[in-house]
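Quick note on labels: first sequence line is chain A, next is B, and so on, each numbered from 1.
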Amino acid sequence: MNEPVAAIDLHREPIRSTALLSRYAESTVWLARYMERIENLARIIDVTETFTRTGQAEDGWRSIVQINADSERFYERYERAEHQSMVSFYVLDRDSPTSIATIINLARENARTLRPLISTEMWTHINMFHKWVRELTPNDIRPGQLSRLCARLKQECQTHNGITEGTFFRDQGWYFYVIGKHLERGDQITRLVDIKYHTLLPKVAAVGSPVDMSQWSAVLRSAAAYHAYRRVMPRALTPASVAGFLLLNNAFPRSLVLTLRHVYGALGQLRTDYGLRAGMAAQERIDELRAALADQTIEEIILRGLHEFLDWAQQQIHAVHDDVAAGFWPQPVVAAAAPAAEQPATLPPMTMEQRPGEQIMNGMRQSLPPLRSSTGEE
Amino acid sequence: MLGCDVTDEAADDPVPPNASDPVPRGRAFPMNGGPRSGLFDRYDGRGGFFCEIMNSGAGQPNGEDATIALIRDRLAAMELSELRQRAAAAEAELYNLGITFTVYSERDSIDRILPFDLIPRILTATEWDHVERGVIQRVEAINRFLWDIYHDQHILRDGIIPRDLVLGNSNFRPEMMGLNVPLGVYVHVNGTDIVRDEGGRFLVLEDNARTPSGVSYVIENRHMMLRVLPDVAEDIALRSVDDYGMRLRQAMMEVAPEGVVDPQVVLLSPGIYNAAYFEHVFLAREMGVPLVEGRDLVVENHRVFMRTIAGLRPVHAIYRRLNDDFLDPDVFRPDSQLGVPGLVDAWRRGNVAIANAVGTGVADDKAIYAYMPRIIRYYLQQEPILSNVETHICREADGLRYTLDNLDKLVVKPVGESGGYGLIIGPHASRSELEEFRSKLEADPANYISQPVINLSTAPTLCDDGVQARHVDLRPFAITGASSWVLPGGLSRVALKKGSLVVNSSQGGGSKDTWVLA
């Protein structure tokens with residue numbers, strides 16, 4: 001008995017560190033995804049609210065429902081997509097799996113699991129953020145309050161990012177954080193482009209009209225891309241160039257291209273610094289995705305079918321997540337009982353339609369289903 | 001140890017000891033002007049009890065301790081409103097830091113804190129020396145006792161303890177017979193519940209030899225205290241509480257299987273829904289070891305592994321915060337999903353160490369408690385340093401006669417598995433209740449022990465109507481590997497309800513920082 005474990009570890013791992021528990025890696029990815037998801041949701045609610053004041057309210061709100069693949073659940077409960085119903089559904093509703101109140105709860109449960117790993121400052125901030133969100137009332141989402149509310153939500157997410165950047169120990173866990181954050185960003189940007197592009201696809205009469213322009217700049221603003229876009233593309237503001245910027249620009253921090261590069265890089269670091277090869281499948285898939293993005297201009301993508309392309313890209317992003325999961329937290333062969341420590345009664349109901357093969361374990365993980373055929377083209 | 005954590009921050013945080021502090025020594029609190037009312041103006045610390053601050057000098061050969069007097073004067077000079085403000089700040093911080101336990105309802109979860117009283121409980125170096133030696137002695141006796149009853153059972157053959165009291169005890173684990181635990185240690189972490197009587201004498205009320213909890217509060221309370229009352233603690237040399245995690249990890253390394261170069265230690269927790277989860281996190285971080293759940297561990301070829309992103313990695317020592325029953329479904333409760341199948345077998349084969357060992361509950365049982373002074377004498381040939389609360393064993397003729405003669409003055413408790421139920425508090429019982437109890441006692445004397453009512457010592461505590469005397473106890477924590485070490489101080493629990501002697505957190509108890517003067 002008693003093999004000289006330490007000696008072997010030292011040899012295999014250039015950086016001396018206890019191997020990360022699989023469960024922690026999984027929770028880290030989900031913590032990062034949920035915090036990123038809150039920020040994206042706050043951004044889009046904010047921009048939609050601003051630009052629905054200039055008319056087109058129904059279209060604007062409806063696209064949020066579509067981005068989150070919530071149509072069925074939403075229209076079961078509300079007749080119309082308008083300010084009050086939308087905002088209470090996406091901010092306050094604890095029964096909705098896509099509301100900020102639910103997501104922050106999931107983020108906090110993952111953070112609780114990770115308390116041995118994350119910094120006290122990260123935990124304390126999430127804990128206080130959670131408390132604040134859970135105490136919000138309908139009064140806080142009135143039209144006059146909403147913009148301030150969204151600003152605070154974004155700010156809290158950015159504070160989280162800053163605390164994480166400044167305090168999270170840079171070992172294996174960090175790379176899973178990077179992977180989770182950028183997978184979510186990539187997923188979110190493809191949803192945004194897909195929905196908005198088709199919702200706002202200029203009808204013949206409206207081309208070049210002021211409303212059209214303001215809507216496109218609102219899309220850019222919702223991704224914090226407006227000024228960067230202006231700087232890089234000072235002349236034209238066309239739907240195609242906006243879509244191209246959001247997907248393909250290699251300096252814009254939320255572009256699909258850049259998020260994929262970060263995921264790829266983190267997987268590479270795990271391999272080179274820690275000798276962890278389980279991310280190879282995910283890397284190969286990203287290679288393919290990046291090649292497809294590099295080979296085409298946005299015009300070519302649009303010509304061949306933007307929606308089909310984005311649908312494929314989303315599925316690939318999901319598959320990357322699944323590859324990472326299969327590599328780093330494979331389910332035990334004996335598919336034994338559900339984790340016993342969990343208490344199903346405490347978890348939010350998971351009524352969301354599940355992608356085949358996607359496993360929701362103990363309610364702490366939840367991917368948005370990919371956008372399927374029905375987009376905003378109605 | 002990873003990144004930043006609770007203790008790192010606290011270590012950075014306290015007021016620099018010598019920085020140009022505007023507050024002059026000896027007058028810790030700036031005057032606000034206007035009429036002052038000090039904390040102790042309306043405090044009555046006597047009332048027949050031993051007060052930890054006001055009459056700590058009684059019984060000391062040299063009279064009152066000068067440092068306690070200084071601390072008391074600093075506190076006395078403080079405004080009540082000031083203390084209340086700081087108490088509110090401390091409470092908010094406990095919530096924000098998540099030093100909480102979570103209560104779940106159907107749709108929501110509520111975080112609760114263990115109420116923290118700012119006014120410290122103070123022990124002198126002499127008092128602590130006595131407690132520390134007493135605790136170490138007791139832990140040694142408990143470990144010797146456990147080895148004996150799970151091996152040759154000399155103590156039963158010699159008739160020191162009735163056989164049925166041990167073998168018939170529900171906490172006795174026959175599975176443990178003949179298992180040679182490393183270094184003969186069963187109880188690696190022990191909590192000893194200690195009270196002080198009217199004369200200030202330290203008495204052991206109970207041993208906690210299974211999975212005693214509360215140590216995280218000892219350390220967190222200290223950090224909170226230094227943040228919130230730095231001016232009271234200024235320049236006072238206190239014994240540090242910061243190396244508990246390091247000591248515990250060291251003990252775990254000492255009991256890990258021999259020959260392993262760098263043993264992998266883990267802390268096994270039931271998970272985030274356990275009320276003590278915060279403490280598990282705290283200890284895992286302080287020890288610098290992974291916090292695992294049962295589902296993270298797997299036994300293959302009689303060895304224990306954890307599931308990591310690099311595959312299965314060996315585990316050599318487990319500090320478990322899971323009850324015996326749940327530890328291994330192959331051996332104990334088959335429906336346990338918190339445990340690890342095969343764990344006990346791997347342990348039995350010496351491939352992993354488990355702390356505390358299984359089957360220690362028989363040693364901290366009420367029935368055995370009464371015999372603890374005899375256990376100490378039997379194994380160590382020493383007189384107990386810390387006395388038990390005077391206990392009369394009714395299965396013995398003398399004890400029964402004394403109990404029957406003094407029924408109205410005593411607490412009479414049933415022993416064995418039904419412990420806690422069916423006790424009678426003589427001074428509070430009616431004549432008919434006493435008579436009814438008397439016949440029960442006479443019918444089955446072996447099932448009972450009796451003790452005098454102990455008037456626990458008190459300490460000044462912030463209450464709704466100012467600073468009042470409230471009863472306290474003390475739970476020092478002892479860590480045992482190759483040798484025993486006691487964390488200076490321990491958890492001081494305080495009964496926040498007026499007159500209450502019950503310090504449990506579930507019944508209105510809070511805690512205090514415990515200062516051991518260096």
Side-chain angles (χ1 to χ4, degrees), chain A residues 1-7 9-10 12-13 18-25 94-95 105 109 111-113 115-128 131 134 167-169 171-173 176 270 274-276 278 327-330 332 336-343 345-346 348, chain B residues 2-6 8-9 95-98 100 102 104-109 111 257-264 267 269-274 277-278 280-282 284-285 288-296 298 302-303 306-311 313-314 316 336-339 349-351:
Chain A
M1 57 179 268
N2 303 338
E3 58 278 275
V5 178
D9 284 357
L10 276 170
R12 195 184 302 159
E13 298 178 1
T18 303
L20 183 70
L21 280 185
S22 291
R23 187 166 52 85
Y24 286 172
R94 295 186 190 189
D95 292 329
N105 204 39
E109 293 292 79
R112 245 150 71 85
T113 295
R115 270 181 84 172
L117 204 64
I118 61 178
S119 69
T120 303
E121 289 159 56
M122 283 172 74
W123 160 253
T124 304
H125 174 261
I126 291 173
N127 198 33
M128 294 170 73
K131 181 165 184 285
R134 302 288 277 193
T167 65
F168 196 21
F169 196 63
D171 65 359
Q172 306 145 68
F176 285 95
L270 287 169
Y274 297 93
L276 297 168
F328 293 108
W329 50 92
E342 317 303 342
Q343 302 177 357
T346 67
Chain B
L2 296 181
C4 91
D5 67 33
V6 184
D8 284 351
E9 281 162 18
Y95 280 112
N96 291 343
L97 286 168
T100 48
T102 308
Y104 290 90
S105 64
E106 199 158 308
R107 280 191 58 207
D108 217 337
S109 58
D111 291 339
E258 276 177 51
V260 179
V261 176
D262 186 9
Q264 175 69 58
L267 185 150
S269 163
I272 66 170
Y273 297 109
N274 186 274
Y277 180 68
F278 163 71
H280 305 162
V281 168
F282 177 90
R285 298 174 67 131
V289 305
L291 184 157
V292 302
E293 297 178 12
R295 57 187 158 137
D296 296 319
V298 61
H302 319 292
R303 285 159 199 246
M306 58 181 180
R307 302 178 204 278
T308 78
I309 56 172
R313 287 300 170 94
H316 306 103
S336 169
Q337 296 183 335
L338 300 175
R349 291 166 185 264
N351 290 337

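- Here the shortest heavy-atom pairing between Y24(A) and L291(B) reads OH-O, 2.6 Å.
- In terms of heavy-atom proximity, I272(B) sits nearest to R112(A) at O-NH2, 2.7 Å.
- Contact detail for R285(B) and I118(A): the closest heavy-atom pair is NH1-O, 3.2 Å.
- Between R23(A) atom CZ and T308(B) atom OG1 the span is 13.0 Å, to the nearest 0.5 Å.
- Residue contact with chain A, scored on non-hydrogen atoms closer than 4.5 Å, is absent for V289(B).
- Only the backbone of Y95(B) comes within less than 4.5 Å of a heavy atom in chain A; its side chain stays farther off.
- Distance check: S22(A) OG to R313(B) CZ gives 11.0 Å after rounding to the nearest 0.5 Å.
- Contact between M306(B) and A19(A) at its shortest, heavy atoms only, is CE-O, 4.5 Å.
- Per-residue counts of heavy-atom pairs under 4.5 Å with chain A were compared for V298(B), T100(B), D296(B); the largest is that of D296(B).
- Considering all non-hydrogen atoms of both residues, I309(B) and F176(A) come closest at CD1-CE1, 3.5 Å.
- In this structure, T120(A) OG1 and F282(B) CZ are separated by 10.0 Å, a value rounded to the nearest 0.5 Å.
- In this structure, CG in L21(A) is found 9.5 Å from CD in E293(B), a value given to the nearest 0.5 Å.
- Note that CG of N96(B) is 11.0 Å distant from NE2 of H125(A), once rounded to the nearest 0.5 Å.
- The shortest heavy-atom contact between R115(A) and V281(B) is CB-CG1, 3.5 Å.
- If you measure heavy-atom distances from L276(A) to chain B, the contacts under 4.5 Å come from the side chain alone.
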